[in-house]
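Below: the structure, in structure tokens.
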Amino acid sequence: MSRIKDLAKKNALRIKRKKRVRGSIFGTAEKPRVSIFKSNKYVSAQAINDVEGVTLAAVSSKAMGLNVNKENAVKVAAQLAENLKAAGIESVVYDRNGYLYHGVVAAFADALRENGIKL
């Protein structure tokens, strides 16, 4: 029973961080917000224009047949960078979605930078 409470508390703290982070970042057509989501199995990300409420580019490790780890996060970020460049986008605002900036989340951001996307 305590494990369920611990998981609920952990998720509640992430949601709290997410709301705090989202209060200060906003995506536009020229500089969209790149939001990352990670589960225990997969990682996905999307570039969002918050002005119009549309997704400009999206990628998922599930669609690529990859699970979640740092190496695969780099591959997913490289694919998203390709999609962004095809859409003519060079710089983005990074939304870590309440996750702590380390591990998969940091590897994803670093890989975006390495592939020519300015964060």
Side-chain angles (χ1 to χ4, degrees):
M1 184 72 168
S2 66
R3 178 158 165 73
I4 294 172
K5 288 182 182 178
D6 291 343
L7 291 175
K9 183 177 179 182
K10 182 178 179 180
N11 195 36
L13 290 173
R14 185 184 76 81
I15 298 300
K16 189 176 178 180
R17 282 191 307 269
K18 178 180 178 175
K19 288 179 181 177
R20 185 172 57 235
V21 169
R22 280 284 289 125
S24 62
I25 61 175
F26 194 77
T28 63
E30 298 81 30
K31 193 170 184 177
R33 173 173 58 96
V34 170
S35 178
I36 185 171
F37 175 78
K38 68 181 185 81
S39 69
N40 289 336
K41 290 185 176 184
Y42 305 110
V43 62
S44 62
Q46 56 184 348
I48 305 162
N49 177 356
D50 288 320
V51 175
E52 297 176 7
V54 294
T55 299
L56 304 174
V59 67
S60 171
S61 65
K62 184 176 183 178
M64 296 172 68
L66 305 171
N67 59 0
V68 62
N69 58 37
K70 288 184 199 178
E71 294 80 22
N72 290 342
V74 169
K75 294 175 186 174
V76 172
Q79 181 62 46
L80 182 64
E82 282 183 29
N83 294 352
L84 289 173
K85 287 179 182 178
I89 299 168
E90 293 294 323
S91 69
V92 297
V93 178
Y94 189 60
D95 178 8
R96 59 187 173 87
N97 210 7
Y99 300 110
L100 299 178
Y101 189 84
H102 84 105
V104 169
V105 176
F108 186 87
D110 292 338
L112 278 179
R113 286 187 196 100
E114 290 170 5
N115 285 293
I117 302 296
K118 295 177 186 172
L119 298 183

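- Within the 4.5 Å cutoff, the side chain of D95 has no heavy atoms near those of the V34 side chain.
- Minimum interatomic distance between S61 and V76 (heavy atoms only, all atoms of both residues): CB-CG2, 3.7 Å.
- Residues Q79 and E82 form a side-chain contact, since some pair of their non-hydrogen atoms from C-beta on lies under 4.5 Å apart.
- Side chain of R17 to main chain of G98: a donor-acceptor pair is present (N/O by atom type, distance under 3.5 Å, no hydrogens or angles).
- Taken together through direct or relayed side-chain contacts under 4.5 Å among Ile, Leu, Val, Met, Phe, Trp and Tyr, I48 and L112 form parts of separate hydrophobic clusters.
- At least one side-chain heavy atom of E90 sits under 4.5 Å from a side-chain heavy atom of K85.
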Inset, instruction - Step by step, work out the salt bridge (charged side-chain N to carboxylate O under 4.0 Å, His left out) result for D110 and R113. - result: CA-CA 5 Å; D110 292 338; R113 286 187 196 100; 2.8 Å; yes

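- Shown here are the side-chain contact (heavy atoms from CB on, under 4.5 Å) partners of K62, two or more places apart in sequence or in another chain: Y42, S60.
- The hydrophobic clustering, which links ILVMFWY residues whose side-chain heavy atoms are closer than 4.5 Å, places I15 and L100 apart.
- Distance check, rounded to the nearest 0.5 Å: CG of L119 to CZ of F108 gives 9.0 Å.
- Among all heavy-atom pairs drawn from A58 and N83, the shortest one is O-ND2, 3.6 Å.
- Heavy atoms only, all atoms of each residue included: V74 and A107 are closest at CG2-O, 4.2 Å.
- Annotation: K16, atom NZ; neighbour count of heavy atoms from other residues, nucleotides and ligands within 6.0 Å does not exceed 12.
- Shown here are the side-chain contact (heavy atoms from CB on, under 4.5 Å) partners of V68, two or more places apart in sequence or in another chain: V43, V104.
- Shown here are the side-chain contact (heavy atoms from CB on, under 4.5 Å) partners of E52, two or more places apart in sequence or in another chain: N49, V54.
- Transitive grouping of hydrophobic side chains (ILVMFWY, heavy atoms separated by less than 4.5 Å) brings V93 and V21 into a common cluster.
- Here the closest non-hydrogen pair linking M64 and V59 is SD-CG2, 3.8 Å.
- Hydrophobic clustering (side-chain heavy atoms under 4.5 Å, transitive across Ile, Leu, Val, Met, Phe, Trp, Tyr) groups F37 together with L56.
- Hydrophobic clustering (side-chain heavy atoms under 4.5 Å, transitive across Ile, Leu, Val, Met, Phe, Trp, Tyr) keeps Y99 apart from I25.
- When every heavy atom of P32 is checked against every heavy atom of S91, the shortest pair comes out as CD-O, 3.7 Å.
- Considering all non-hydrogen atoms of both residues, N97 and R14 come closest at O-NH1, 2.8 Å.
- Side-chain atoms of N67 and K41, non-hydrogen and from C-beta on, never get closer than 4.5 Å to each other.
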